Amino acid sequence: MSISPHKQVALKFGLLICVLLGYFGYLSYEYGFATGGIVTALTWSFFVLCTPVADAGFILDFPLRLLFGIRMVISEIAVWVVAFGINAIVLIISPASYSTTVITDILHTVLITPYPYWAIIVLSGIGTFLSVHFGDELMTVLHHRDRAYFHSHHFKHELILMAFFIVALIGYSQLITSVGLSEVLH
């Protein structure tokens, strides 16, 4: 039995929400409701700021695109603002929260060490926004009646963006290896 692409995306979105809620439940049980909420938000912000694909932002990008037609590139900007805002507040009011998990400890190190770790955020931003752009274009093509639209208007542009995305991923990989984060993340 084959599932339509729209149902596959909705299923993945539902599973992602379940994982996030389960993680929050576990952390709340382990550390208390407030700390669990803070650490869940920090973990989410780690995946926004320190991974070069729109994985965590998908929680907001996808429903906003489907419900209101907001392009995912625009909603991803809001996602990044929220992620930076969460970290600014936690760094001020509860910096000890970063020492709760390995991921939040790595996030703390990245945030407070401009050189070389902020390059991880920059490369993640490049990769994320390029991947979101590809997702937006794919959704536009899927909804466009003339499939040749993509090939006649955007194909060369998309190939150039894909090359930049690959370069960003390679740079990201080399950077996390050179600063010793790859051993911690594996």
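By convention here, the first residue in the shown sequence is residue 1. Keep in mind that what you see is a predicted model, and the values were worked out from it rather than measured.
- In this structure, T35 has no side-chain hydrogen bond (donor to acceptor under 3.5 Å, both in side chains) partners at least two apart in sequence or on a different chain.
- Within the model, atoms OG of S97 and CD1 of I38 stand 4.0 Å from one another, a figure rounded to the nearest 0.5 Å.
- Listed by chain and residue number, T43 satisfy the side-chain hydrogen bond (donor to acceptor under 3.5 Å, both in side chains) test with Y23 (two or more places apart in sequence, or in another chain).
- Taking NE2 of H108 as the start and CG of L91 as the end, the distance is 5.5 Å to the nearest 0.5 Å.
- Looking only at distances, no side-chain donor or acceptor of S124 sits under 3.5 Å from a matching main-chain atom of V48.
- Scanning for side-chain contact (heavy atoms from CB on, under 4.5 Å) contacts around S99 gives an empty result, with sequence neighbours left out.
- Taking hydrophobic clusters as Ile, Leu, Val, Met, Phe, Trp and Tyr residues chained together by side-chain heavy-atom distances below 4.5 Å, L111 shares a cluster with V102.
- Applying the side-chain hydrogen bond (donor to acceptor under 3.5 Å, both in side chains) rule to T100 yields no partners; only residues at least two apart in sequence or on another chain are considered.
- For the ring-ring contact (aromatic ring centres under 6.0 Å, His included) test, residues two or more places apart in sequence or in another chain that qualify with F33 are F24.
- The residue from I112, D105, L107 that alone fulfils the side-chain contact (heavy atoms from CB on, under 4.5 Å) condition with Y98 is L107.
- In the hydrophobic clustering of ILVMFWY residues, with side-chain heavy atoms under 4.5 Å counting as a link, L27 and F47 come out apart.
- Following chains of ILVMFWY side-chain contacts shorter than 4.5 Å, one cannot reach Y31 starting from I103, and the two form parts of different hydrophobic clusters.
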Let me check something: any side-chain donor-acceptor pairs from residues 13-21 under 3.5 Å, sequence neighbours excluded? List them with distances.
none

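- With sequence neighbours excluded, no residue satisfies side-chain hydrogen bond (donor to acceptor under 3.5 Å, both in side chains) with T40.
- Looking at every heavy atom in both residues, T177 comes nearest to S173 through OG1-O, 2.9 Å.
- A distance of 13.0 Å separates CD1 of I106 from CG of L42, quoted to the nearest 0.5 Å.
- Under the 4.5 Å side-chain heavy-atom criterion for Ile, Leu, Val, Met, Phe, Trp and Tyr, I120 and W80 are members of the same hydrophobic cluster.
- Legend: residues meeting side-chain contact (heavy atoms from CB on, under 4.5 Å) with V82, ordered by chain and number and at least two apart, are W44, I86.
- Grouped by direct or indirect side-chain proximity (heavy atoms under 4.5 Å, Ile/Leu/Val/Met/Phe/Trp/Tyr only), Y115 sits alone.
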Pair V79, E76 - check side chain to side chain contact (heavy atoms under 4.5 Å, CB included), show working.
CA-CA 5 Å; V79 165; E76 190 66 24; 3.9 Å; yes

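- T113 places no side-chain N or O within 3.5 Å of a backbone atom of V110 that could act as its donor or acceptor partner.
- If you take CZ on F84 and CG on L49, they are separated by 5.0 Å, rounding to the nearest 0.5 Å.
- With hydrogens and angles disregarded, no donor-acceptor distance shorter than 3.5 Å links the side chain of S45 to the backbone of A83.
- Considering only residues two or more places apart in sequence or on other chains, I89 meets the side-chain contact (heavy atoms from CB on, under 4.5 Å) condition with I93.
- Judged purely by atom type and a 3.5 angstrom limit, S94 has no side-chain atom pairing as donor or acceptor with the backbone of V90.
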Evaluation steps, side chain to side chain contact (heavy atoms under 4.5 Å, CB included), between T109 and Y117
CA-CA 8 Å; T109 301; Y117 295 130; 3.5 Å; yes

